[in-house]
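Have a look at the structure below before the remarks.
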There are 2 protein chains.
Amino acid sequence: MENLKEKFKRKLAENNYKLTKQREVILGTILGNKNWHFTAEDLFAAVKKKDQDIGMATIYRTLELMQNLKIINVHDFNEDSRIYELYSEESHHHHLICKKCGKLVEFSDQDIDYLESELEAKYDFKVTEHKLRFYGYCRDCK
Amino acid sequence: MENLKEKFKRKLAENNYKLTKQREVILGTILGNKNWHFTAEDLFAAVKKKDQDIGMATIYRTLELMQNLKIINVHDFNEDSRIYELYSEESHHHHLICKKCGKLVEFSDQDIDYLESELEAKYDFKVTEHKLRFYGYCRDCK
DNA sequence: ATATGTGCAAATAATTTGCATGTCA
DNA sequence: TGACATGCAAATTATTTGCACATAT
């Protein structure tokens with residue numbers, strides 16, 4: 001089975017993008033941390049350890065590229081900075097967010113797909129995705 | 001029954017805030033547009049028509065105040081600027097968002113409360129609220 | 001009278017962009 | 001080689017803040 005690194009390289013090639021050292025380091029960093037939810041700043045810091053000379057603009061540009069290639073996903077949990085994570089196309093998953101410490105828990109999709117069809121019919125929309133979030137306080141903060 | 005304007009005035013008084021002309025104009029503007037989803041900029045423009053001298057900072061400060069008093073609600077639908085609306089405490093409602101033109105449709109809560117209890121037990125969280133959003137393309141954009 | 005609120009302009013902070021230079025295919 | 005990428009610094013944009021002045025209670 002094709003792994004994520006290969007997949008990324010293939011997608012780059014297919015879309016006429018070049019495989020640069022920076023893009024490789026960035027991808028490696030993202031893949032290296034299982035279940036990582038990170039900001040652009042987080043990624044920048046992590047990547048800097050491997051490549052001293054990388055610039056913030058490259059981080060942003062690569063994040064945007066990866067979104068387009070469906071390698072990663074963006075969330076706007078808090079209004080200050082965006083949070084990214086590896087894209088998972090198989091199973092939707094949603095989030096439980098602590099309003100105090102920002103802790104994130106993922107849980108898998110609980111079949112609210114039936115709602116999609118209802119909404120599509122009722123409002124004449126073509127629904128492509130949904131996001132479900134629960135906000136509250138975690139064990140330590142409640 | 002107490003209307004929203006009275007409610008606002010009462011909450012201000014209860015919390016030792018003053019009822020200024022600016023706050024009144026801002027509230028009036030928000031109440032004047034049924035089902036309005038607005039940005040700070042939208043509100044600023046609308047309020048300027050009634051009070052030429054109001055400053056943007058006052059808009060932001062009043063919006064924050066109104067959030068604290070649960071007069072309005074904030075959303076982070078897109079990552080560029082926040083969207084506000086009148087607070088509704090009785091019935092949760094959720095959104096259907098067109099990814100192309102930004103059109104918003106509201107729909108009422110479809111009892112996903114049972115999920116809340118499950119999550120609370122499973123992850124030891126105290127859940128206080130949730131947001132459910134469907135993204136897609138509206139009639140005109142699909 | 002005085003604590004609060006306002007307007008303005010300047011400060012922040014995240015993200016984007018222009019441009020000269022470097023590098024992959 | 002030449003189109004695409006990068007790094008840097010400057011630009012942008014939404015929002016916040018400091019401060020002198022104004023106003024509701």
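What you see below is based on every heavy atom in this structure, not just the backbone, and it leaves out hydrogens, waters and symmetry mates.
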From CD of B:E41 across to P of D:dT16 the rounded distance in Å is 14 Å
The bend of the helix from C:dA1-D:dT25 to C:dA25-D:dT1, taken between the axes of its five terminal pairs at each end and rounded to 10°, is 30°
**Item:** Presence of B:Y60 side-chain N/O under 4.0 Å of D:dT16 phosphate oxygens OP1/OP2
**Value:** no
Any side-chain N or O of B:Q22 below 4.0 angstrom from OP1/OP2 of D:dA24? no
Rounded to whole Å, CG of A:N15 lies from C1' of D:dA3 at a distance of 16 Å
By nearest-nucleotide position on DNA chain C, the 5'-leaning member of B:N16 and B:G55 is B:N16
A:L12 atom CG is separated from D:dC4 atom P, nearest whole Å, by 14 Å
Quiz prompt | B:E6 with B:R10: basic N within carboxylate O range, under 4.0 Å | solution = no
B:R82 CZ to D:dT16 C1', in whole Å, measures 10 Å
ask   = Angle class for the B:H93/B:H75 ring planes (parallel below 30°, perpendicular above 60°, tilted otherwise)?
value = perpendicular
Exercise. Under 4.0 Å between any heavy atoms, over every strand shown, what does A:R23 touch: base, sugar-phosphate, or nothing? Just pick one.
Key: sugar-phosphate
A:Y17 and A:R23 have their tightest heavy-atom pair at CB-NH1, 3.7 Å
Partner of A:L43 under side-chain contact (heavy atoms from CB on, under 4.5 Å), picked from A:N33, A:I26, A:I72, A:I54, is A:I26
query: B:F107 vs A:Y123 aromatic rings, parallel, tilted or perpendicular, using cut-offs 30° and 60°?
result: tilted
Assert: residue with more 5' nearest nucleotide on DNA chain D, out of A:D51 and B:A57, is A:D51
In the 5' to 3' direction, the nucleotides of DNA chain C bounding the stretch that comes under 4.0 Å of a heavy atom in chain B are C:dA3 to C:dC8
B:M56 and B:E41 have their tightest heavy-atom pair at CE-N, 4.0 Å
Whichever of B:Y84 and B:Y17 has the more 5' nearest nucleotide on DNA chain D, that residue is B:Y84
Between CG of A:L69 and P of D:dA5 the distance, given in whole Å, is 11 Å
message: Between A:K5 and A:E24, does any side-chain N to carboxylate O distance fall below 4.0 Å?
response: no
Exercise for review: Consider only side-chain heavy atoms of I, L, V, M, F, W and Y, link residues closer than 4.5 Å, and tell whether B:V105 and B:F134 are in one cluster.
Suggested key: yes
Requested in this report: Would you indicate whether the side-chain heavy atoms of A:D42 and A:W36 approach each other to under 4.5 Å?
Outcome: yes
